[in-house]
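Worksheet: one structure, shown below.
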Amino acid sequence: MRKKKNLFERFSNWATHATGSSAAFIIATSTVIIWAVSGPIFNYSETWQLVINTGTTIVTFLMVFLIQKSQNKDSKAIHLKLNELIASHEGTSNRMVNLEDLSEEELDQLAKFYAHVAKLALEERVLTCTHSIDAAKENHDYKVKVQKEKHNRSADKRPNTTD
């Protein structure tokens, strides 16, 4: 299933790994220290200042794209893993697969729904009363009923201490 990665993909993975390492931080810190120490040698000239400004600007510009590529890849992998978990679990709603493709307005509607579901769950004060988007109210009522029946059965089994 693994396909040979193209040159850019391999370079991007290598650069992401390399620039996120301790060695990269040490090199960057050393560069700044060497630049600062060399200030008196160059009489703190405009060229001396231009060297660090240009260097940091170029590195920052390139890193923005490298970080974005890495974030996009990580985000896609996480979404696929979550989609697999949602699709494979019997009690979840398949409507939740690919939510990242919804509009901001549609996501706001779902957020309101889940705020309501959270309110229902808080009213019950029982962690096992969870809800699915497809049947939240029915699911809630059923779970509450089951919990009450369990509670009543356990109450019936307790010895009567009022005698």
Side-chain angles (χ1 to χ4, degrees), residues 1-137 139-140 143:
M1 181 171 175
R2 291 205 175 215
K3 208 174 159 184
K4 188 173 180 183
K5 296 177 185 173
N6 67 35
L7 180 63
F8 179 71
E9 184 79 18
R10 287 191 315 244
F11 173 76
S12 176
N13 289 342
W14 171 83
T16 301
H17 180 72
T19 58
S21 68
S22 298
F25 179 77
I26 291 168
I27 290 169
T29 303
S30 300
T31 302
V32 172
I33 291 170
I34 291 168
W35 170 81
V37 169
S38 70
I41 297 168
F42 295 102
N43 295 320
Y44 302 103
S45 68
E46 287 185 22
T47 304
W48 172 79
Q49 292 178 23
L50 190 61
V51 167
I52 197 72
N53 288 339
T54 303
T56 55
T57 300
I58 290 169
V59 168
T60 302
F61 178 77
L62 295 174
M63 287 303 294
V64 165
F65 294 102
L66 188 63
I67 291 167
Q68 188 62 52
K69 173 153 180 36
S70 177
Q71 286 288 340
N72 289 348
K73 183 178 177 181
D74 287 348
S75 178
K76 187 181 285 186
I78 288 169
H79 286 295
L80 290 170
K81 289 175 184 180
L82 289 172
N83 288 345
E84 171 62 16
L85 289 172
I86 291 167
S88 67
H89 192 274
E90 185 179 324
T92 60
S93 170
N94 285 341
R95 287 193 213 173
M96 303 308 281
V97 173
N98 287 333
L99 282 183
E100 63 276 8
D101 294 336
L102 296 180
S103 70
E104 195 72 30
E105 186 177 299
E106 291 167 321
L107 290 172
D108 289 342
Q109 284 295 107
L110 280 172
K112 287 177 188 175
F113 170 80
Y114 279 110
H116 177 70
V117 168
K119 184 179 175 187
L120 290 174
L122 284 174
E123 289 173 6
E124 297 309 320
R125 300 193 192 285
V126 178
L127 288 176
T128 57
C129 285
T130 58
H131 308 282
S132 164
I133 192 170
D134 288 325
K137 183 65 177 151
N139 197 10
H140 174 76
K143 288 179 179 184

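Side-chain atoms are counted along with the backbone in the values below, which use heavy atoms only and exclude waters and symmetry mates.
With 3.5 Å as the limit, one finds no donor-acceptor pair spanning the side chains of Q49 and N53. S12 and E9 share no side-chain donor-acceptor pair at under 3.5 Å.
Q109 has its side chain within reach of K112: a pair of non-hydrogen atoms, C-beta onward, lies under 4.5 Å apart.
Within the structure, side-chain hydrogen bond (donor to acceptor under 3.5 Å, both in side chains) contacts touching residues 17-28 (residues at least two apart or in different chains) do not occur.
Between I78 atom CD1 and E100 atom CD the span is 11.0 Å, to the nearest 0.5 Å. Atoms OG1 and CD1, on T31 and I26 in that order, are 11.5 Å from each other to the nearest 0.5 Å. Atom CD1 of I86 and atom NZ of K81 lie 14.5 Å apart (nearest 0.5 Å). The line from CG of L110 to CD of E105 is 11.5 Å long, rounded to the nearest 0.5 Å. Rounding to the nearest 0.5 Å gives a distance of 15.0 Å between OG of S70 and CZ of F65.
The shortest non-hydrogen separation linking W48 to S38 is NE1-OG, 3.2 Å. What you find for A24 and A18 is that their closest heavy atoms are CB-O, 3.2 Å. Across all their heavy atoms, L99 and L107 have their closest contact at O-CD2, 3.7 Å.
Not one N or O on the side chain of N43 forms a donor-acceptor pair closer than 3.5 Å with the backbone of S45.
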For V37 and I33, what are the C-alpha separation, side-chain angles and deciding distance, and is it a side chain to side chain contact (heavy atoms under 4.5 Å, CB included)? CA-CA 6 Å; V37 169; I33 291 170; 4.2 Å; yes
Chi angles and distances behind the side chain to side chain contact (heavy atoms under 4.5 Å, CB included) call for K73, N13: CA-CA 10 Å; K73 183 178 177 181; N13 289 342; 3.3 Å; yes
Does the side chain to side chain contact (heavy atoms under 4.5 Å, CB included) test come out yes or no for M63 and T16, once each step is laid out? CA-CA 9 Å; M63 287 303 294; T16 301; over 6 Å; no
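Tested against T56 for a side chain to side chain contact (heavy atoms under 4.5 Å, CB included), the candidates I58, I52, T54 yield a single pass: I52.
The aromatic rings of W14 and F11 sit tilted, their planes meeting at an angle between 30° and 60°.
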